[in-house]
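Comments concern the structure below.
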Amino acid sequence: MATLTVNGTDVTVRDGATILDAARQIGIDVPTLCWYPTLPIVGNCRVCLVSVEGSAKLLPACATTAADGMKVTTESYAAVENRRGVLGMLLERYPAERIDERGAQNEFERMVKRYGVSVENRSGLPLRAGDDRAGDPMIQHDMSTCILCTRCVRACADIQVVGVLDVAYRGDHAEIIVGADGNPEHAGCTWCGECVRVCPTGAIHDVLPLAKFARDAMQKPATSVRSVCPYCGVGCQLDLEVRGTDVVRVNSPWIEEATPNMGSTCVKGRFGTDFVLHRDRLTTPLIRKGWVKRDGRWRYEGDPADVKRWGRRGGPWRDIEGESNTQKSRPRINPLRRLPTVGGPLGDPRDRVATPADWYEPFREGTWEEAMEIVAQELTRLRDSHGSDSLAVFCSAKCSNEENYVLQRLFRAGIGTNNVDHCTRLCHSSSVSAMQRAMNTSAASGSMREVECESDVIFLLGANTTESHPVFGAALKRAQRRGAKLIVADPRRIELAQRADIHLQMLPGTDVALLNAMLHHVIHLGLHDQAFIRERTHGFDEVARAVEPYTPERAETISGIPAHLIRRAAELYARGPRSSTLWAMGLTQHRTGTDIVASLLNLILATGMIGRWGAAMLPIRGQNNVQGASDVGAIPMVYTDYQPVTDPSIRHRFAQAWGVPDERLSLTPGLKVTQIVTKGSPVRGMYIMGENPIISDPDVAHAEEWFLGLEFLAVHDLFLTETARYADVVLPGASFAEKDGTYVNTERRVQLARKAIPAPGAARGDLEILLELSNRIGLPTPFSTAADVMEEIASVTPSWRGITHARLQETGGLQYPVEHATHPGTAFLFADRFPTADGKATLVPVEFLPPAELPDEEFPFWMNTGRQLYHWHTGTMTRRSQGLDSREPVPTVELSPADAAEMGVRDGDAVRITSRRNSIEIAVRLSPRVARHQVFVPMHYREAAANLLTNPALDPYAHIPEFKVCAVRIEPVAPGRHRALSVERIEPLVPAD
Amino acid sequence: MGFPHKSHPRETPVLSTHFGDSEARSLSGWRARGGYRALEQALGMTPAEIVNVVKDSGLRGRGGAGFPTGLKWSFMKPGDGKPHYLCCNADESEPGTFKDREIMRWTPHALIEGCAIASHAIGAETCYIYIRGEFTEPLQTVGAALDEAYRDGILGKSAMGTGKRIDIYIHKGAGAYICGEETALMNSIEGRRGNPRIKPPFPAVAGLFGQPTTINNVETLAAVPPILTNGAEWYKAMSLSNPKSTGTKLFSVCGNIARPGNYEVTMGFPFREFLHDICGGARPGHTLKAVIPGGSSVPIQTMQEADATLMDYEGFVANGSMLGSGGVIVFDDSVCMVRMIGRLARFYAHESCAQCTQCREGTAWVTKILERMENGGGTTRDLDTLLELSENMTGKTICVLSDSCAAPVVSGIQKFRHEFEAHINGKRCPMRSAAAA
């Protein structure tokens, strides 16, 4: 503690605080350029120099430690003269005349105005020059305005831990460079835009697609609306810059605000939201041609010729199977080397990624009245004629809690079925079933911040965090730099595996063997936490017996990981002292997913690595609201807060809350996604909100066929998706920017997103659509806004009791449980007890079972599927984002160079991948990340759909399919057909100008 | 300095005794000349005893700042549980200075011995000698001497068989003047861009690799063995002026002088006699006009000031300049001061690490003005701008490169204002036109 005087005011600061910290603490604004919160202090701009009594020289406020009794004057004559001198020198090489012309536009220019520095150029020195990143679709440079504060360099190196940028040369030749050769690609740039955020002059700026498409909007005044990123489960808060009715730019909240992202974003968050403005957006309800109204009822009387040609709900397009088996053509020019513009050689960049025109052919534009009438009529008709369980609904992990709540309420109370599910089934359902069984919980025990700042050991399994959750991935890299040890278990040598202290590179699906062996070794060394086991768990002895045969040597023969690495990892993890455990799809998407997670939970519980700050159990959630959708009951077995539908007393409570008789609510758990979309399922009609199962389900050729056989299908989405094209009615919904609602991130943080712009055309807010539908099928809704809905959710959800929109607005997010109206939320759980009857967790012995399909002579490769950095799930949004799609424009398979050499395949060649179910044609990307005889196929592409190949084998508890392992064969496509090219190989066909 | 070197009778050779004696370069030759006796003696002493001897001798840093060496060493707290490092600054890049080069060329073992003694004194097991990349011959001689010393067991796991580990590594610079600044030098050794660091923390607290570090100049370290052998009193007695400046100092003399070269004199030697007697004074037909006495970073002296100076740390300060590194640059009446100062400014502009605004922008701007002025395009307002810029560039940056650029500008304008005005008024360089005529 030191007490000093700044401008005459006494202030007491913590030890080690700087003069700048002290000034900021009492609201004194000392100007700074190179200083930025959290970045390493370099003290190079010299504008923050202040006078300190007793010091002959001015001292840098940002770099001088505050000492007891210091007397600081921040605006002394000398300090101000120095500041004016510095600003004047910087202005000499800055296009200063524009400050007079259009006023101060940025941080630096505002400082120039504040100190009244003359913009007259006296030196005649030339403007600064530097890398202009020509043609980059997302980030461009105007280095004439660079003042070399080096914030970008440090932000890239220290916040994102990438290090693309640096200062090169010296003296007045110094400039910011991109990589060693000017190519961001070679320097590992991820286009996160951290440099854009921190730049005080706009020398590094974002490219605004909208500025080209809607120039008029740029003239309008800007407002800022706080929202939540629509992509992964990190739940980054974003500030949408709105002009008129358009979101023209995404900004980050200030770094010191308590947001999960602390102001960072990844490339998708900052540059991937232009899909909102895409002209493919549905602006009016679409009704399948043939639906006519006679005698007050709608009936389908399709043109027999059409029905004959396409089937009852088909169309003139090629199905997924057909598209995936055709050869791909490369983009006409490298979109990375040349910015596509409306008048450019690519034409309108939006054309390449547009919905094919023929998809619209079976539809006519309808009115909301017509559309809602048909949906309500058909849902009630099927309910009444075939029973409630002939209907099913897919809620959406991309929609808000309020919408999901209303939709499941509609189906449970209005239709009377528990056939309510969403894509959590395909991602963390096995984690949930294992966590429910072990400790009756369904969410993370801790927070991302504790992993970043406190954990000593981070054990990451089956999670490619730097690509799938990039903002959290950067936090993990920062944690490692802080000194945390990183253990990564992954069949691929992903970025974090390369950085890890120990990389456990296993054969796909052999996790149980690895984790049992780790526990075996822990027990053998006596490193298990005996007090924790005794006081807080059941079943350790059974598990200890079960893992006894799993020696590290045995695990080596199963998983291929050297036994000594297993031992080292086990010791490192168990010795902690605080180890956090993070996992994602690599563990869960197996037919033994529940077992795999259970074996991991055994390790966590046996070593006591839970329930302490710094020892977090964190299943990393994939979608922005997959946690919330499950929390509010969009899964078949439970109501909100995981209250079982089978319990009559709970049913009674919900029936009361929803104003329906008890019998209306079914006591039978509903069908899950994978049970609904399968041959012989009883479901005849479906309502799908914002999901695209025709790309995301396993073995999609069969899924597509199943959807064709439905009696009625209503889809509610932003675009005419692969699934929506088979619908009877397509309802145009609202994107995240066009509605109010709350979302829950991976650390149980409920966050509020605000409506920024109106939905396009006649498209409506999703909540509005669902409320109307609910009323039309006879379930009254006592609310009109999302805030009202949240009140009802809070009243039936014990752990959300204290959550209201007003509080969320005020606090910037609350981590549930929030027990009452003034409860601050809960950063970590299970400090004293688990939420089970006796407060203890249970260890469950599990045995290793190999994946359902292993490579053999006919299909010698292991195929793994997953996400890429630049794309998202079925590509509905990202493939309509100009920047993202130009980074990753063609589907590629990652193949190890050794395998490729054996097959005589080069980077960029086309290959055919065939599994027992189907085959696709795809371009090769040589990648040392994949092990030999393994390939990785991203799931995002319709034109080479990975899920045509995947194995629909299901986990017996969670019914999650085995997306991560199937056996395939790879054949080069006939020579001379090397058409498809991976991005690295695309040569510009038009010389850049 | 010519070869073979012939000492002037008024010199006091201590460090330069064996300059020109090629046999002194080898280990056997060095031993024959009494080498490594001091190290042997030092390894038998406690670190505190060595530090006290050096403190008593009054030895001060020869790199430019003149900080008392013994005091600097005493900042290295023994038993703090951290590795200590010694850095030897052999990045001699100061224009006009070439004394360390000669020490390394002729008596590399003197430097190695000094480094080993200092390492022991500050509790360091590792020493880095950071040699300027352009110094190809010193790199080779010090490298060869180091090999010999290792082979002979003088260095290594058990230095001279005492069980004390002393390792010395050579780190080759890559041609940046700024890497002679102590913290930039450490960054460079660590493999980073050679940017000076903010002080505090000072190197003794957090230096190389974040650990306590002492950094000394070549000449300072080379002076340590004779101090140990002959005693602090002997060294202290070598002073012609005041007791704060003791021992001998190597001066590198260049420019418009009859006998340029390295000369070693006792502290407090009269500068006038040094220039005119030892160095032979002006070239025939010329008169001396100005001197930069301590490497290009110190203020320019007029001859009047120089004549009144006693050559020690205090004496140069008393007469408008600084002892600096001892690089004496002499100008006679054939030199255009504007051109000369412009050339110096260009050097600093080129060598600025570009961190601090004042330095990066200021040095370029000053250069631009001076070169324009030299070519006849100057205005009276330029002089005010130069002084204003120099004011902004002095005492406000992380290191003193910016101050070093301002020093000759300010002193030049103060002391030779008439030459600047002649350029401005005549719209051309009077010296050049005279030469042309």
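Below, chains carry the letters A, B, ... as their sequence lines are ordered, and counting in each starts from 1.
In the displayed structure, Lys477(A) atom NZ is contacted under 6.0 Å by more than 12 heavy atoms of other residues, nucleotides or ligands.
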Taking donor and acceptor roles from the modelled atom types, list the N and O pairs under 3.5 Å across chain A and chain B.
unit_1	atom_1	unit_2	atom_2	d
Asn44(A)	O	Thr357(B)	N	3.3
Cys45(A)	O	Thr357(B)	OG1	2.9
Arg46(A)	NE	Lys396(B)	O	2.7
Arg46(A)	NH2	Lys396(B)	O	3.2
Asn82(A)	OD1	Gln358(B)	NE2	2.9
Arg122(A)	NH2	Glu388(B)	OE2	3.1
Gly124(A)	O	Lys368(B)	NZ	3.3
Arg128(A)	NH2	Glu361(B)	OE2	2.5
Ile147(A)	O	Arg360(B)	NH2	3.2
Val167(A)	O	Arg193(B)	NH1	3.1
Tyr169(A)	O	Arg193(B)	NH1	3.2
Tyr169(A)	O	Arg193(B)	NH2	2.6
Arg170(A)	NE	His350(B)	O	3.3
Arg170(A)	NH1	Gly175(B)	O	3.3
Arg170(A)	NH1	Glu351(B)	OE1	3.3
Arg170(A)	NH2	His350(B)	NE2	3.3
Gly171(A)	N	Ser352(B)	O	2.6

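Heavy atoms closer than 4.5 Å to chain B are found in both the backbone and the side chain of Val167(A). Only the backbone of Ala168(A) comes within contact range of chain B, with at least one heavy atom under 4.5 Å from a heavy atom of that chain. With a threshold of 4.5 angstrom between heavy atoms, Leu49(A) approaches chain B through side-chain atoms but not through N, CA, C or O. In this structure, the portions of Ile398(B) lying under 4.5 Å from any heavy atom of chain A include both its backbone and its side chain.
Looking at every heavy atom in both residues, Ala63(A) comes nearest to Ile198(B) through CB-CD1, 3.6 Å. Minimum heavy-atom separation, Ala354(B) to Gly171(A): CB-O, 3.5 Å.
Interface remark: of the candidates Cys353(B), Ala364(B), Cys359(B), Pro200(B), Ala364(B) forms the most heavy-atom pairs closer than 4.5 Å to chain A. Most heavy-atom pairs under 4.5 Å with chain B, from the set Leu90(A), Ile147(A), Leu58(A): that is Leu90(A).
The side chain to side chain contact (heavy atoms under 4.5 Å, CB included) check on Ala66(A) picks up Leu4(A), Val13(A), with sequence neighbours excluded.
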